[in-house]
Amino acid sequence: MGKYIIAGNWKMNKLPSETYDFVKEVASATADASCEVVCCTPFVCLPEAVRAAEGTHVKIGAENLHFEDKGAFTGEVSADMLLDLGVSYVIIGHSERREYFAETDETVNLKIKKALSKGLLPIVCCGETLSQREAGITVDFITIQIKKAFAGISAADAEKVTVAYEPIWAIGTGKTATAEQAEEVCAAIRGVLTELYSEETAEKITVQYGGSMNASNAAELLSKKNIDGGLIGGASLKSADFAAICSAAK
Ligand code: PGA
């Protein structure tokens, strides 16, 4: 299965002035981790985050990017700008961006292509709403999201993508999907990737679970065959909690 990756998604939290010390804290608290450790921070925190991560095992990610190279896109940030700072990862298509900032499957696909063409590693989010789950269409819905996200992406590029399965009803709610629910969808995602590419390619792709993952439920979720990591919101804001999740990823 894919390489274990635990990524923190700070969302709109922490100040630039708090970032350096916090990333240093994460680096020392996760020094023994056997997974890839990533902190995805607000744009304005990235320079300090990169500076703090320098010479450590911690990788830094952004929470979004624009799909164009440059130009009249007020308020947006390009892949080249992120690379110029030393950023390695970028979250694409988080459900909050889809809901509040009109992100669509089409813009998600454009952003993944742009990130890959520049050498940034995308963490691509998918996930169903509570009503979709209750209607029994979770796997169908996620299958469409994955197919649209990966449209026109070669197998060689697909291997560099991380998929984060984040049921929307579990994000920031304290309601975690059970390990069985999470595994069922992560296995379905692996199945779609097998259909799109091959078993070999699908197995190289990291599939994360995200949604109220914390220090106490991480080990069970991460013990599942198709869950290769986590995208962590709330619990990534405390270095001890985040480190506990990282040590559960073996
Ligand atoms: P949460 O957020 O861990 O706070 O539920 C996860 C995410 O949205 O990536």
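Bear in mind that the values here come from a model prediction, so they are computed numbers and not experimental data. Order of appearance sets the numbers: ligands from 1, and atoms from 1 within every ligand.
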Quiz item: Of the protein's non-hydrogen atoms, which lies at the shortest distance from atom 9 (O) of ligand 1, and what is that distance?
Solution: Glu166 OE2, 2.7 Å
Quiz item: Which atoms from ligand 1 have a heavy atom of Gly211 less than 4.0 Å away?
Solution: 5 (O)
Quiz item: Taking NZ, NE, NH1 and NH2 as the nitrogens, is one of them in Glu183 or Lys224 under 4.0 Å from a carboxylate oxygen of the other?
Solution: no
Exercise. Among all protein heavy atoms, pick out the one at the shortest distance from atom 2 (O) of ligand 1; state its residue, atom name and that distance to 0.1 Å.
Key: Lys11 NZ, 3.3 Å
Quiz item: Are Glu63 and Lys11 close enough for a salt bridge, meaning some N to O gap below 4.0 Å?
Solution: no
Quiz item: For Ser212, is at least one N or O under 3.5 Å away from an N or O on ligand 1?
Solution: yes
Quiz item: Where do Asn214 and Asn217 come nearest, in terms of heavy atoms and distance?
Solution: N-OD1, 2.7 Å
Self-check item: Salt bridge present between Asp157 and Lys160 (N-O < 4.0 angstrom)
Solution: yes
Self-check item: Ion pair Glu195/Lys147, N-O distance below 4.0 Å
Solution: yes
Exercise. Mark up the atoms of ligand 1 that fall under 4.0 Å of a heavy atom belonging to Ala170, in ascending order.
Key: 5 (O)
Quiz item: Which protein heavy atom lies closest to atom 3 (O) of ligand 1, and at what distance to 0.1 Å?
Solution: Gly233 N, 2.9 Å
Self-check item: Atom indices of ligand 1, in the order listed, that fall short of 4.0 Å to a heavy atom of Gly234
Solution: 1 (P), 3 (O), 4 (O)
Self-check item: Atoms of ligand 1, numbered as shown, that sit under 4.0 Å from any heavy atom of His94
Solution: 7 (C), 8 (O), 9 (O)
Quiz item: What atoms of ligand 1 come closer than 4.0 angstrom to any heavy atom of Asn9?
Solution: 9 (O)
Quiz item: Is the shortest distance from a heavy atom of Gly172 to ligand 1 less than 4.0 Å?
Solution: yes
Quiz prompt | Lys3/Asp228 salt bridge by N-O under 4.0 Å criterion | solution = no
Exercise. Tell me yes or no: between the side chains of Glu166 and His94, is some donor less than 3.5 Å from an acceptor?
Key: yes
